[in-house]
Number of protein chains: 2
Amino acid sequence: MAATLADVAARAGVSTATVSRVLNGNYPVSAVTRERVHRALGELDYVVNGPARALAAATSEVIGVIVNDVSDPFFSIQASGTQWEAASADLLAVICNTAGSPSDELKYISMLLRQRVRGVVLTGGTREEPEHLRAIAKLISQALSAGTAVVMCGRPAPPDVDVPCVAFDNEGGARALTRHVITMGHKRIAYVAGPAGNSTTTARLKGHLSALDEHGLDKSVVVHGDFSRASGFDAAMELIGADVTAIVAGNDLMALGVIAALRQRGVQVPRDISVAGFDDLPSAVDVVPALTTVRLPLDQGARRAGRIASGVEAVTGPTTLWMPAELMVRDSVARLTE
Amino acid sequence: MAATLADVAARAGVSTATVSRVLNGNYPVSAVTRERVHRALGELDYVVNGPARALAAATSEVIGVIVNDVSDPFFSIQASGTQWEAASADLLAVICNTAGSPSDELKYISMLLRQRVRGVVLTGGTREEPEHLRAIAKLISQALSAGTAVVMCGRPAPPDVDVPCVAFDNEGGARALTRHVITMGHKRIAYVAGPAGNSTTTARLKGHLSALDEHGLDKSVVVHGDFSRASGFDAAMELIGADVTAIVAGNDLMALGVIAALRQRGVQVPRDISVAGFDDLPSAVDVVPALTTVRLPLDQGARRAGRIASGVEAVTGPTTLWMPAELMVRDSVARLTE
DNA sequence: CTCGGCATAGAAAGCGCTTACTATCAGCGT
DNA sequence: ACGCTGATAGTAAGCGCTTTCTATGCCGAG
């Protein structure tokens with residue numbers, strides 16, 4: 001149905017090689033011939049057949065991006081950044097949603113490999129189960145040996161594979177945040193962590209605990225959620241009896257849930273209990289009180305990762321690029337005056 | 001580098017045809033042979049070459065989704081729904097971000113066509129400029145004649161092309177919302193519309209104006225934003241002198257901006273001015289006051305579109321599937337008691 | 001026994017493109 | 001004049017897979 005190179009060649013009275021050269025512009029073609037080919041191209045509404053080109057040239061024009069959940073701003077911001085860079089390199093970015101399922105993650109990675117993508121960016125935290133990490137590692141080395149670039153964005157490289165990583169300072173950011181809460185006079189601080197066994201959860205929790213440690217404070221009040229708003233809501237309900245003056249959440253979504261739960265129970269934030277989040281989502285400033293949180297340069301990091309995966313930027317030297325975290329002090333953490 | 005079918009065939013001592021048959025399971029292969037092939041497959045870490053398969057079989061395992069902005073929940077929810085359906089049909093969904101640019105939209109559609117995707121879902125409002133619509137229409141008919149399914153989700157079909165549409169009742173929802181505001185006693189109502197020349201803007205504005213019409217109210221206070229939070233903020237600043245008791249926004253993001261601006265100016269919502277949005281984003285309930293808005297079954301509609309594009313569900317009868325809008329009455333619109 | 005028919009397996013022809021490699025034909029120096 | 005060089009164009013060999021068509025056994029029926 002669709003016109004092929006051969007159709008165009010026939011119409012222009014040249015060989016398919018010539019048409020291909022006009023299309024790719026990597027070989028001299030005389031102006032008059034080129035003009036004829038262009039006319040034929042237009043008249044036939046020719047559209048390159050990507051798969052055929054990929055097969056012949058052994059290289060494709062797509063890169064893949066693995067995210068946990070596109071509808072979570074944390075990920076969609078990164079996806080958008082990576083895609084922007086891919087597009088400027090004239091590549092198509094495929095965004096794949098794992099919905100947090102490790103098996104879907106593996107499935108999508110192999111789908112991408114099967115499509116012989118140029119590169120793959122893995123974003124967000126990873127499950128820390130050894131078998132999963134090994135499975136990922138195996139796929140990655142397969143990819144690498146097939147010439148596919150792999151970049152980690154916001155997650156550590158699995159053991160024994162050498163891939164570039166864009167790392168966000170989750171631990172340092174969490175430490176700075178909890179230090180701030182402590183500075184405001186809080187001594188009994190609860191923590192709503194992300195899902196156990198997730199690399200991001202682990203790093204943030206570690207930062208939080210180390211800040212408590214510095215001041216010899218109680219580290220026992222930790223509950224786990226799953227980074228969703230609903231889980232923050234539930235965690236707060238569970239925490240309402242606890243004797244704490246502040247609740248620090250592992251991310252903004254959960255902090256929002258915490259605030260909603262407290263409000264529903266008539267607990268005023270920050271007068272009665274202070275709340276802090278992490279990520280600095282766009283909506284963090286719309287909540288009342290505006291959320292004290294930590295900003296991560298997600299967009300910038302994701303773009304960097306996108307450039308590496310697209311082959312636009314080469315990685316030299318150490319393969320881990322650290323991105324700093326920035327404390328955003330707003331209104332949800334109050335000074336304790338008693 | 002990577003193993004090919006021929007490598008596997010050699011290792012298993014069979015022909016490539018047999019391996020292909022084992023892989024696709026659409027032809028009888030004896031149990032012992034199949035077993036041998038499977039072993040060889042595993043030993044060589046064989047991964048199908050997608051492009052080669054697509055070329056030979058003239059059909060790919062990819063569908064494309066065009067969105068304006070993945071980091072906007074309105075779109076990411078739809079993208080996620082479509083992708084979910086694609087994955088259950090064992091297809092890869094490519095999510096493409098146009099950032100609202102018509103030329104990027106065209107560019108992405110042709111990239112998808114070039115990749116010979118199975119289907120394409122176009123989500124969100126469209127620019128209404130005739131040239132753009134014509135260009136889109138042309139690409140769509142090319143796609144259609146190449147056997148690629150095209151589905152519109154939340155936008156009208158361009159003129160003269162017959163494609164299935166999943167339509168959200170923007171006009172009816174907007175009418176219901178403004179009627180509600182009127183019922184609450186408001187008579188001077190401002191409207192912060194989306195960008196001019198956008199199909200969604202047009203439909204929602206039309207619904208709003210028709211409700212005003214029914215009650216003979218003033219229709220003159222309309223300003224345009226671009227659906228972003230920032231533009232809502234600016235619009236509210238502009239509106240602050242105006243003599244209105246309610247501000248209805250074209251979407252929740254702008255409503256959030258409006259509320260932030262009013263708060264900054266010391267105007268209390270809803271005591272001094274009522275505010276309403278549209279879309280019912282997840283964060284609409286976290287704002288104070290909780291946002292009165294309209295819910296669209298985005299996820300459901302997007303999944304439907306995904307199923308059609310994947311070829312799982314055939315469209316029969318009328319090609320436009322209407323999805324209802326639902327008024328969500330919350331706290332940001334107050335009853336006017338004077 | 002021999003033959004039609006069935007279940008399997010292989011041979012080989014592409015799918016639409018890229019890219020060596022080869023051919024052609026000016027214009028040039030000697 | 002003659003071979004050379006350089007600029008263009010064509011030829012044709014795949015890229016890795018699917019699939020049609022063609023073998024090859026093997027069965028039971030005649």
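So you know, we letter chains A, B, ... as the sequences are listed, proteins then strands, and number each from 1.
- Distances shown here put a side-chain N or O of A/S30 below 4.0 Å from the OP1 or OP2 atom of D/dA9.
- One can place CG of B/N24 at 11 Å from P of D/dC17, the figure rounded to the nearest angstrom.
- At whole-Å resolution of the value, CG in B/D7 and C1' in D/dC15 are 13 Å apart.
- Nearest nucleotide to the side chain of A/A56, out of C/dG10, C/dA9, D/dC15: D/dC15.
- At the heavy-atom level, A/S15 lies under 4.0 Å from base atoms of the strands shown.
- Rounding to whole angstrom units, OH of residue A/Y27 and P of D/dG6 are separated by 14 Å.
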**OP:** Please lay out, stage by stage, how B/L23 and B/L5 fare under the test side chain to side chain contact (heavy atoms under 4.5 Å, CB included).
**Re:** CA-CA 10 Å; B/L23 250 22; B/L5 250 206; 3.9 Å; yes
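- Residues B/E128 and B/L133 share a closest heavy-atom pair of O-CD1, 3.8 Å.
- Distance A/E35 CD to D/dA9 C1': 18 Å, rounded to the nearest Å.
- For the 3.5 Å distance criterion, the side chains of A/S101 and A/T98 fail to qualify, holding no donor opposite an acceptor.
- Position along DNA chain C of the nearest nucleotide to B/R116 versus B/V14 favours B/V14 as the more 5'-ward residue.
- Distance from the side chain of B/T16 is smallest to D/dT18 among C/dG10, D/dT18, D/dG14.
- Summarising the geometry, the separation between CG on A/L5 and P on C/dT19 is reported as 12 Å, rounded to the nearest angstrom.
- Within the nucleic acid shown, A/A58 has no heavy atom closer than 4.0 Å to any nucleic acid atom.
- Summarising the geometry, the separation between CG on B/L23 and P on C/dA9 is reported as 15 Å, rounded to the nearest angstrom.
- Rounded to an integer number of Å, the gap from B/R53 CZ to D/dT18 C1' is 9 Å.
- Enclosure of atom CG in A/N24 by more than 12 non-hydrogen atoms of other residues, nucleotides or ligands within 6.0 angstrom is indicated.
- Contact annotation: A/T4 does not reach the phosphate of C/dC15 (side-chain N/O to OP1 or OP2, under 4.0 Å).
- Rounding to whole angstrom units, CZ of residue B/R21 and P of D/dT22 are separated by 14 Å.
- A/S20 comes within contact range of at least one nucleobase, with a heavy-atom separation under 4.0 Å.
- Counting only heavy atoms from C-beta on, A/L55 has its side chain closest to C/dG16 among D/dC17, D/dA9, C/dG16.
- Between A/N49 and A/N26, the one whose closest nucleotide on DNA chain C sits nearer the 5' end is A/N49.
- Side-chain contact annotation: A/S310 with A/R118, donor-acceptor N/O pair under 3.5 Å absent.
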